[in-house]
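Take a look at the structure below.
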Amino acid sequence: MSTENISAPTFRYSAVTFDCPDPAELARFYGEALGLPVVFSTDDFVLLGQEGAAGLGFNRLTDYRRPTWPDPAQGKQAHIELGVDDLDAAQARLLALGAGKPDFQPDPDRWRVLLDPAGHPFCISTLV
């Protein structure tokens, strides 16, 4: 079969979706942290975003198990890196929104690892 006459499809990055037990709660956290509005919502899925830009989705998973980072017993699956201007101020704001802070911090002067309300690790850094 020849592919010479078949044009390659165009792909666009549209969203990253996180599994979680409560999509509305996780969307509230990230929406407030990143200033993103809800663009689509059902009981089991919420998508945050801006017109014409990639979004961030949250999908209800009934048997969701929180990551146990840094303990590898339940892997982190994926995480988001957020660029900030001031680590201390950003950390304080995210903790006030409901993030958690694990005791183990690999390099706290350069970046901080926090946990979103569903337990997903994410990083804040002035390097991004």
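Note: hydrogens, waters and symmetry copies are ignored here, and every other heavy atom, side chains too, is used. Since this is a predicted model, take the numbers as computed values, not measurements.
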Common cluster, [X]/[Y], ILVMFWY with side-chain heavy-atom separation under 4.5 Å:
| X | Y | value |
| --- | --- | --- |
| W69 | L26 | no |
| F29 | F45 | no |
| F18 | V39 | no |

Handout entry: Pairing residues for N59 by the side-chain hydrogen bond (donor to acceptor under 3.5 Å, both in side chains) criterion, not counting sequence neighbours
Key = D19

Handout entry: Neighbour count >12 (heavy atoms, 6.0 Å) for atom CG, D103
Key = no

Problem - 4.5 Å side-chain heavy-atom contact, L56 and I80 - result: yes

Practice task
Find out whether L48 and V38 are in side-chain contact, i.e. whether some heavy atom of one side chain is under 4.5 Å from a heavy atom of the other.
Solution key: yes

Fill in the blank from the handout: The remaining residues in the hydrophobic cluster of Y64, counting side-chain heavy-atom contacts under 4.5 Å among Ile, Leu, Val, Met, Phe, Trp and Tyr, are L61

Exercise for the section: Could you check L34 against L82 for side-chain contact (heavy atoms from CB on, under 4.5 Å), going step by step and ending with a plain yes or no? Expected result: CA-CA 9 Å; L34 299 172; L82 301 176; 3.7 Å; yes

Exercise for the section: Please round to the nearest 0.5 Å and tell me the distance separating atom CG of D43 and atom CG of D22. Expected result: 10.5 Å

Problem - Inter-residue atom distance E81.CD - S125.OG, 0.5 Å rounding - result: 7.0 Å

Problem - Pairing residues for D44 by the salt bridge (Lys or Arg N to Asp or Glu O under 4.0 Å) criterion, not counting sequence neighbours - result: R60

Handout entry: Contacts of D85 that satisfy salt bridge (Lys or Arg N to Asp or Glu O under 4.0 Å) - sequence neighbours left out
Key = none

Solution key, residues 108-117 side-chain donor-acceptor pairs under 3.5 Å, sequence neighbours excluded:
residue: R112; atom: NE; partner: P108; partner atom: O; Å: 2.7
residue: R112; atom: NH1; partner: D88; partner atom: OD1; Å: 3.1
residue: R112; atom: NH1; partner: Q91; partner atom: OE1; Å: 3.0
residue: R112; atom: NH2; partner: D88; partner atom: OD1; Å: 3.0
residue: R112; atom: NH2; partner: P108; partner atom: O; Å: 3.4
residue: D116; atom: OD1; partner: A118; partner atom: N; Å: 2.8
residue: D116; atom: OD1; partner: G119; partner atom: N; Å: 3.0
residue: D116; atom: OD1; partner: H120; partner atom: N; Å: 3.0
residue: D116; atom: OD1; partner: H120; partner atom: ND1; Å: 3.4
residue: D116; atom: OD2; partner: Y30; partner atom: OH; Å: 2.9
residue: D116; atom: OD2; partner: H120; partner atom: ND1; Å: 3.0

Fill in the blank from the handout: Nearest heavy-atom approach of L47 to A15 is CD1-CB, 4.1 Å

Sequence neighbours excluded and cut-off under 3.5 Å, please list the side-chain donor-acceptor pairs for residues 92-100, or say none.
none

